[in-house]
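So that the names make sense, note that chain A is the first sequence line, chain B the second, and so on, each numbered from 1. The figures here come from the full heavy-atom set of this structure, side chains too, leaving out hydrogens, waters and symmetry mates. Being a predicted model, the structure only gives us computed values, none of them experimental.
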Amino acid sequence: MSSQKINSLIDLNLTQYSGQTSQSPWRHNSMENIDKFDELIYLKVPSIIDGLDDKTINLNGLPVLLNLSQDKDNINGFEYTYSLPQKVEKQAFSIGQDNLSKKELQSIEREIDSNLNNIYDLEFDLEKFYEFLLEDEKLAPSVDFCKGLRLFIAKDPFECIISSICSANNSIARWTASIDKIKLNWGEKVEFDEGMFYGFPSPKDFLDFYETPIEQSEADGRRYEVDCYTKNLKSCGVGYRAPYMKKASQMLIDEIDMNDVSKMAYDEAFDLILRLPGVGPKVADCILLYGFGFQEAFPSDVWIKRIVSHLYFDGEDISADKTREFGIERFGDYAGYAQLYLFHYARKSGLMDEIKNK
DNA sequence: CATCAGGCCCTCA
DNA sequence: TGAGGGCCTGAT
């Protein structure tokens with residue numbers, strides 16, 4: 001398999017490990033070379049691909065495994081290879097192909113490129129954004145610390161919603177571990193030569209999950225205890241967020257169509273997402289930014305609050321709500337990126353430690 | 001054994 | 001309308 005090239009300014013390592021609240025990290029392909037970003041991601045490309053003889057072939061969401069690699073001293077692009085699981089290749093056999101044709105492979109590659117464009121926000125003009133940053137005295141230093149950092153957009157909005165609910169009042173290590181457990185327990189399994197990979201359960205799947213290891217049930221007029229450990233959300237370490245996740249899933253089935261959200265204006269989408277249980281202003285903005293691509297969102301957690309307070313309000317203690325209003329007002333369509341750059345600039349420059357010790 | 005972690009929910013002025 | 005207490009859980 002020849003490797004494909006993407007030519008865009010991006011630092012994969014920085015982007016991947018900047019702790020953005022959209023998805024748990026991917027899987028290292030090799031730990032041997034630390035000077036190289038070398039990771040595997042499993043995703044599904046859209047279902048229809050162009051086949052031979054002007055026919056289209058429905059592979060119903062073709063699973064592909066991508067191996068992305070980038071030398072850490074070259075952030076002007078990256079390369080990837082991809083592989084398909086044996087199971088799906090057999091589906092191709094069943095529709096009369098003894099292998100995928102060149103045309104079909106090209107179609108798949110186009111879809112992969114399109115997915116990578118979305119996930120890494122590659123259409124975003126970083127150079128233009130840097131001009132914007134340099135005009136702001138406070139933001140200007142961030143350019144040197146964050147060169148090549150891009151938004152890391154979720155593959156799946158629902159996964160992003162659950163991940164974001166999970167991240168509230170939590171540590172990065174814990175919420176990512178919980179999400180990994182959920183995928184391991186209940187995600188669709190797809191086997192590649194490189195190993196087993198897992199999808200994320202659907203909203204409907206979540207309705208079947210229990211909130212505690214033992215639940216009371218009633219039948220024949222009497223109560224008894226049911227061992228539901230195997231479908232127990234709390235066994236994934238999500239704690240009191242388990243009922244939030246279940247109720248949110250129910251609402252996403254009954255009353256909120258995720259397909260509508262991206263068509264809405266930001267304010268309207270914000271109010272809608274805010275109705276989900278376990279979702280406050282900060283989590284709502286994370287969902288809109290990382291799950292739906294609303295770049296005018298300004299997720300305001302305690303750190304952004306402290307940073308904004310320090311840089312723009314002379315250290316005066318301001319509320320998270322006021323921080324959010326400030327970010328949206330001041331940075332406009334760049335709010336999401338400004339938040340990302342502020343956070344990592346503060347972390348890398350030592351500003352965060354300085355504020356913390358106050 | 002406390003404390004705390006990239007908030008949210010609920011209660012009560 | 002907003003301030004403040006309590007909270008699953010696992011790491012330190």
For the [atom1] atoms, the ones on [N] and on [M], what distance do you get once it is rounded to whole angstrom?
N      : M      : atom1 : answer
C/dA3  : B/dG6  : P     : 23 Å
C/dC8  : B/dT11 : P     : 14 Å
C/dG10 : B/dC9  : C1'   : 22 Å

Side-chain donor-acceptor pair under 3.5 Å between [X] and [Y], yes or no?
X      : Y      : result
A/D121 : A/Y337 : yes
A/Y341 : A/Y130 : yes
A/Y120 : A/N115 : no

Nearest-nucleotide 5' precedence on DNA chain B, A/H344 against A/G278: A/H344
First of A/G280 and A/S171 reached from the 5' end of DNA chain B, by closest nucleotide: A/S171
Ring-face cation contact, A/F270 with A/R324, 6.0 Å cut, 45° max: yes
Per [X] side chain, nearest of listed nucleotides [options]:
X      : options             : answer
A/A168 : B/dG6, B/dC9, B/dG7 : B/dG7
A/N169 : B/dC9, C/dT9, B/dG7 : B/dG7
A/Y240 : C/dC8, B/dC8, B/dG6 : C/dC8
A/R174 : B/dC8, B/dG6, B/dA5 : B/dA5

Please give, in whole Å, the distance from [N] [atom2] to [X] [atom1]?
X      : N     : atom1 : atom2 : answer
A/D301 : B/dG6 : CG    : C1'   : 4 Å
A/Y17  : B/dG6 : OH    : P     : 18 Å
A/D321 : B/dC8 : CG    : P     : 10 Å
A/K305 : B/dA5 : NZ    : C1'   : 15 Å
A/L274 : B/dG7 : CG    : P     : 16 Å
A/K282 : B/dC8 : NZ    : P     : 7 Å
A/W175 : B/dC8 : CH2   : C1'   : 17 Å
A/Y244 : C/dG6 : OH    : P     : 15 Å

A/R27/A/E194 salt bridge by N-O under 4.0 Å criterion: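 Not counted as a salt bridge, because no side-chain N and carboxylate O are separated by less than 4.0 Å.
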Salt bridge A/K147-A/D11, side-chain N to carboxylate O under 4.0 Å: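 No, A/K147 and A/D11 are not salt-bridged.
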Which part of the nucleic acid does [X] contact within heavy-atom distance under 4.0 Å: base, sugar-phosphate only, or nothing?
X      : value
A/P277 : sugar-phosphate
A/I165 : nothing
A/S164 : nothing

Any-strand Watson-Crick or G-U partner of C/dC8, both distances under 3.5 Å: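 In the structure as shown, C/dC8 has no Watson-Crick or wobble partner.
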